[in-house]
Amino acid sequence: MKIIKNINSMIWIFQVVIICFIIGLFLLIFNYNNFVLSKFSSQLFKMDLPKDICVIERYKVRGKLNGNGNGMDFFACILVKTERSQKELCNYLSNQEFSPAKNHKSVETEVIKLWSNRLETKYVEHEDIVFETIKNEVDFDDYYVLIIYDGGYSADFDILGH
């Protein structure tokens, strides 16, 4: 009888250890991807911009941002106000060197002219990006969004990629 109690105790302890291991794995991957997003987005957020470009708002997100299936995408953008043209901003952004979030060879960049406080981009289909700082704005003539994106990674155990 004592042997059966010991075996039951060992089985219970083994089950608890396995459950803790699985939960820990999810938390580890989740936190790792948060770290990767912070490192990836800081490249854009800390970029030296010319004095005539005013940063209004910053936004970063990770998860399954576009398309179907599972995957992990990393996205960062800054809302800016400037009298420069979209072409000038595209040239400026494309001349910057951004490191990929994980192990791709390059980072995709884009400059979007805003027409409202809501961002429409092919990189983020499954989430709404709304710039709260300009929610009452009616004239969006000088507002642009500078974007960096890296995606298509395996979601592994990160629930945001599913």
Side-chain angles (χ1 to χ4, degrees), residues 1-49 53 55-80 89-90 92-112 114 116-135 143-162:
M1 193 64 128
K2 192 173 186 178
I3 295 174
I4 292 175
K5 284 185 179 180
N6 285 342
I7 291 173
N8 284 339
S9 295
M10 289 174 58
I11 290 173
W12 185 82
I13 290 170
F14 181 71
Q15 289 173 339
V16 168
V17 167
I18 293 297
I19 290 171
C20 288
F21 176 76
I22 291 171
I23 291 171
L25 192 58
F26 278 95
L27 291 174
L28 180 68
I29 298 296
F30 185 86
N31 286 325
Y32 172 70
N33 283 334
N34 273 340
F35 170 75
V36 170
L37 176 63
S38 291
K39 187 176 174 185
F40 179 70
S41 62
S42 70
Q43 299 175 98
L44 181 66
F45 296 168
K46 294 178 179 177
M47 182 175 62
D48 288 328
L49 293 170
I53 299 176
V55 175
I56 307 297
E57 195 171 329
R58 294 172 172 85
Y59 190 88
K60 63 182 178 179
V61 66
R62 68 176 176 80
K64 183 60 185 163
L65 303 178
N66 56 54
N68 296 322
N70 298 329
M72 184 58 58
D73 306 318
F74 298 90
F75 173 91
C77 69
I78 53 176
L79 170 64
V80 299
L89 293 172
C90 284
Y92 184 80
L93 194 60
S94 65
N95 287 329
Q96 304 297 313
E97 288 192 33
F98 297 107
S99 298
K102 290 188 178 178
N103 59 7
H104 287 162
K105 290 187 166 87
S106 64
V107 172
E108 295 182 46
T109 62
E110 183 177 29
V111 175
I112 294 178
L114 272 189
S116 73
N117 71 329
R118 183 175 306 274
L119 177 62
E120 300 287 332
T121 176
K122 65 183 177 183
Y123 297 119
V124 182
E125 298 172 348
H126 302 304
E127 183 165 329
D128 288 333
I129 298 176
V130 178
F131 297 110
E132 293 297 324
T133 53
I134 58 169
K135 67 181 176 186
Y143 288 100
Y144 298 91
V145 180
L146 283 59
I147 295 171
I148 60 172
Y149 170 85
D150 190 17
Y153 295 102
S154 171
D156 294 326
F157 289 95
D158 194 333
I159 196 158
L160 292 179
H162 297 281

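The structure presented is a predicted model; accordingly, all values stated were derived computationally and were not measured. Atoms considered below: every heavy atom in the structure, side chains included; atoms not considered: hydrogens, waters and symmetry mates.
- For the pair Leu49/Ile78, a side-chain contact is recorded, criterion being any heavy-atom separation below 4.5 Å from C-beta on.
- The backbone N or O of Phe40 lies less than 3.5 Å from a partner atom in the side chain of Gln43, making a donor-acceptor pair.
- For the atom pair NZ of Lys122 and CD1 of Ile112, the computed distance is 9.0 Å after rounding to the nearest 0.5 Å.
- The backbone N or O of Lys64 sits nowhere less than 3.5 Å from a side-chain atom of Asp73 that would complete a donor-acceptor pair.
- The line from CG of Leu25 to SG of Cys20 is 12.5 Å long, rounded to the nearest 0.5 Å.
- Looking only at distances, a side-chain donor or acceptor of His126 sits under 3.5 Å from a matching main-chain atom of Gly67.
- Leu93 places a side-chain heavy atom less than 4.5 Å from the side chain of Met47.
- Phe14 CZ to Ile19 CD1: the interatomic distance, rounded to the nearest 0.5 Å, is 10.5 Å.
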Problem set entry | Candidate pair Phe131 and Ile56, rule side chain to side chain contact (heavy atoms under 4.5 Å, CB included), full reasoning | CA-CA 9 Å; Phe131 297 110; Ile56 307 297; over 6 Å; no
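- Taken to the nearest 0.5 Å, the CG atom of Leu119 stands 5.0 Å off from the CD1 atom of Ile147.
- With values rounded to the nearest 0.5 angstrom, Phe26 atom CZ is found 11.0 Å from Phe21 atom CZ.
- Contact annotation: the side chain of Leu65 never approaches that of Glu125 to less than 4.5 Å [non-hydrogen atoms, C-beta and beyond].
- Between the side chains of Tyr153 and Asp150, at least one donor-acceptor pair of N or O atoms lies under 3.5 Å.
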Exercise. What's the verdict on side chain to side chain contact (heavy atoms under 4.5 Å, CB included) for Ile148 and Phe74, showing C-alpha distance, side-chain angles and the deciding distance?
Worked result: CA-CA 8 Å; Ile148 60 172; Phe74 298 90; over 6 Å; no
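- Between the side chains of Asn66 and Tyr149, at least one donor N or O lies within less than 3.5 Å of an accepting N or O.
- Residues Ser42 and Lys60 have side chains not in contact (no heavy-atom distance under 4.5 Å, counting atoms from C-beta outward).
- Between Tyr123 and Phe75, the angle of the ring planes lies from 30° to 60°, which puts this pair in the tilted group.
- Counting non-hydrogen atoms of neighbouring residues, nucleotides and ligands closer than 6.0 angstrom, the CD atom of Glu132 exceeds 12 such neighbours.
- Residue Asn103 qualifies as enclosed at atom CG: its count of foreign heavy atoms under 6.0 Å is above 12.
- By the 4.5 Å heavy-atom criterion applied to side chains, Ile134 and Leu114 are counted as neighbours.
- Remark: Ile29 CD1 to Met72 CE distance equals 9.5 Å, nearest 0.5 Å.
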Problem set entry | Test log, rule side chain to side chain contact (heavy atoms under 4.5 Å, CB included), inputs Val145 and Ile129 | CA-CA 11 Å; Val145 180; Ile129 298 176; over 6 Å; no
